[in-house]
Protein chains: 2
Amino acid sequence: MTPVNLKSLAKELNMSIATVSRALRDSHEVSEATKQRVRALAAARHYEPNAYASSLRRNISKTIGVVIPKVANHFFALAINGIEEAARQAGYHVLIYLTHDDYEREVSIVQHLKGGRVDGLLMSVASSTQDFAHLRGLKEANIPIVFFDRVCAEINTAKVTTNDYESGYQATEHLIRAGCRHIAHLLISNNLSIGQFRQQGYLDALMAHGHAPDPGLILHGVMDNEQNVALIRELLLRRPDIDGIFASVERLAISTYHVCKELGRRIPEDIKVIGFSNLEAAALLDPPLSTITQPAYDIGREAAKILLRAVEKKKAVLPGQSVVLESALFARRSTAG
Amino acid sequence: MTPVNLKSLAKELNMSIATVSRALRDSHEVSEATKQRVRALAAARHYEPNAYASSLRRNISKTIGVVIPKVANHFFALAINGIEEAARQAGYHVLIYLTHDDYEREVSIVQHLKGGRVDGLLMSVASSTQDFAHLRGLKEANIPIVFFDRVCAEINTAKVTTNDYESGYQATEHLIRAGCRHIAHLLISNNLSIGQFRQQGYLDALMAHGHAPDPGLILHGVMDNEQNVALIRELLLRRPDIDGIFASVERLAISTYHVCKELGRRIPEDIKVIGFSNLEAAALLDPPLSTITQPAYDIGREAAKILLRAVEKKKAVLPGQSVVLESALFARRSTAG
DNA sequence: TTTATTTACGTAAACGTTTGCAGCAAATCG
DNA sequence: CGATTTGCTGCAAACGTTTACGTAAATAAA
């Protein structure tokens, strides 16, 4: 079975490779008659251009990379959905890389991508990442990058986020209005700007309503869910006065449910719970969970669109293109007064 | 800023491109001293080989494609997780494509991939796919393919599935033992072999326990969840005798919960429900949902491993390499007697 | 010494595509 | 009618890497 490429098509058509190539790219310097012949044979032979030869020659891969902590998470799954949609429409391919929130892995992935495998990068940084040297290098490699959700403030590029400060404020206020007096905040590693914003919203809402912030009510989660359950259990036992919980990430809200069930704390009678979550089944939980839900699909799509515009123009992405989308608060029974 | 490639390194080191290339690939025909010099400079200049040039020359892309219906679904998200892990360990990259269960899109994606962008393909076919010509073409393009979960029986290659027949049987039997007399089966498009197996398990379990199969109790879901809710509502109203529901896909179980809540049917008192699901929060639903849970991560990882072995040997994948993994049944309150 | 063999490197040809340049007709213009 | 333009096509050089082949020197075998 002989390979079907420009050369084989050219030979069969008795013309040069150049003409075949131009005909297929619909160049204006090829006669309509020739184009017809070329296209007919290409279709008959099921010709598919070699993506790598083209990429090498044009120095364009028509591919974007997506680097995220995990995929088994509704937020990221939905974001990928949006990213894939935008990429597909623009004729781009999507490479997926998972960091599992591991800094070393993130560095290794980014390093590899400097080889020109992707034209641009979408990224949600790992929670353990503190040093951003590996990301700076991308600028030099001329690979534009757009951060989404878990952004990196130190890098000068576009970012797509949600109104995290306001959401943190609203969630906390929602609990206060529901009658909570001692509200705990569960979050993960606080070196993420996103966590800081939510935390600040939480603190400001407390202050605004005359509640004194209490460091003992702030719990930092870890990667492992088992450990989180233990941490939350310990917190609830140590501070029996806690009557409200604001979870900055879905996993911690779920773990809270498990602990409450285990300790016999009733939701919402004893403790009210609200959490960031994209869980479709939130309304079917026992009790239905009040959530702040981020527009994950839109975040992914918007980030991809911004990136693709930059890629097409071969320009770096500008911070000015940053976008802030709004999350929605769904009050359900877990915070019923 | 000059590009850093083999040529620039060679010039700076006063040696030929070939030697630099060989040194970096740790060839035995380069002296240790030279290797040291080359490696040192490569590191200093942050050299990253151009993936496309290498791919073009070696006719190997070190990339696999994953074609799935959707990603916002715990099963597929977990599968991707397993796939990415296996790929990363083997030094492969992962391209993601979503069909959204659309046949046209699936064909278009597969067609594109014949251009050599990927060394192999992992696939879960779209529920609307009936014709498999586009997949046969892959054989000719010498691209091995491994199906997982939603396999295509007509194509002669390796498949990674779960024991769907047994699971369907067990789920049905579980409902029967819990006292159900009129058990409905909710599934999607039945041209998928996977749906047929589960359905057969359901039917055989009914027969084995002296229940007569009733076509009026089998409901075929569609893409849209709103429509599914309507269909299920109609079914429950039309057949008030239904006291058990076996949902072949997670979405249909969730929709069932919504309908029951709406119609005031109590689970499990009035209707017992069991469904295929990888939802982590299944135990936290109201009531906790009994599930058949597939080892999604392992399915993805196993499929990727089989594919990568074939890719490395540049051989087609053999049907004999097929693997069947076992799902687990978790009995929870939704089927309590 | 001569003749193999090994070691270490360079030369150059691929891989398939794109594209600047040139050529060469036919058409248009002065 | 000669000069210039226009429309179409081919030639050949890239893109960066890998690798078969050649070669010169150094070592080993004779």
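Labels below follow one simple rule: chain letters A, B, ... track the order of the sequence lines, proteins then strands, and each chain is numbered from 1. We use all heavy atoms of the structure for the numbers below, so side chains are in, but hydrogens, waters and symmetry mates are not.
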Q: Does the side chain of B:Thr162 reach to within under 4.5 Å of the side chain of B:Ile194, using non-hydrogen atoms?
A: no
Q: Calculate the interatomic distance between A:Leu13 atom CG and D:dC8 atom C1'; express it in whole Å.
A: 16 Å
Q: Nearest whole angstrom, please: distance from the C1' of D:dG10 to the CG of A:Leu9.
A: 17 Å
Q: Could you list by number each residue of residues 27-44 of chain A showing a heavy-atom separation from DNA chain C of less than 4.0 Å, or answer none if no residue does?
A: none
Q: Would you list the pairs meeting ring-ring contact (aromatic ring centres under 6.0 Å, His included) in which at least one residue belongs to residues 15-49 of chain A, sequence neighbours left out?
A: none
Q: Could you state the atom-to-atom distance from CG of A:Asn59 to C1' of D:dC15 in whole Å?
A: 8 Å
Q: Show the numbers, then the answer: is there a salt bridge (Lys or Arg N to Asp or Glu O under 4.0 Å) between A:Asp131 and A:Arg136?
A: CA-CA 10 Å; A:Asp131 181 47; A:Arg136 279 184 232 287; 5.8 Å; no
Q: Atom CG of A:Leu6 to atom C1' of D:dT9: distance rounded to whole Å?
A: 15 Å
Q: Can you measure A:Arg58 atom CZ to D:dA13 atom P for me and round it to whole angstrom units?
A: 22 Å
Q: Rounded to whole angstrom units, what separation is found between the CD1 atom of A:Ile17 and the P atom of C:dC21?
A: 20 Å
Q: Does the side chain of A:Thr19 get closer than 4.0 angstrom to OP1 or OP2 of D:dG10 through an N or O atom?
A: yes
Q: When the nearest nucleotide of DNA chain C is assigned to B:Leu56 and to B:Arg22 on a heavy-atom basis, which residue is associated with the more 5' position?
A: B:Arg22
Q: Less than 3.5 Å apart, which donor and acceptor atoms pair up between the side chains of residues 153-160 of chain A and the rest of the protein, not counting sequence neighbours?
A:
residue  : atom : partner  : partner atom : Å
A:Thr157 : OG1  : A:Ile145 : O            : 2.4
A:Lys159 : NZ   : A:Ile155 : O            : 2.9

Q: State whether the number of non-hydrogen atoms from other residues, nucleotides or ligands found under 6.0 Å of A:His112 atom NE2 is greater than 12.
A: no
Q: Round to a whole Å and report the spacing from NZ of A:Lys11 to P of C:dT17.
A: 14 Å
Q: Does D:dT17 have OP1 or OP2 sitting under 4.0 Å from an N or O in the side chain of B:Ser54?
A: no
Q: With sugar-phosphate meaning primed atoms plus P, OP1 and OP2, does B:Asn50 contact a base, only sugar-phosphate, or nothing at under 4.0 Å between heavy atoms?
A: sugar-phosphate
Q: What is the separation between atom CE on A:Met15 and atom P on C:dG23, rounded to the nearest whole Å?
A: 22 Å
Q: Give a yes/no on whether any side-chain N or O of B:Tyr47 is located under 4.0 angstrom from OP1 or OP2 of D:dG16.
A: no
Q: Might you confirm whether atom NZ of B:Lys315 has over 12 heavy atoms from other residues, nucleotides or ligands at distances under 6.0 Å?
A: no
Q: Taking the side chain as every heavy atom from C-beta outward, state whether B:Met223 and B:Ser127 have any pair of such atoms under 4.5 Å apart.
A: yes
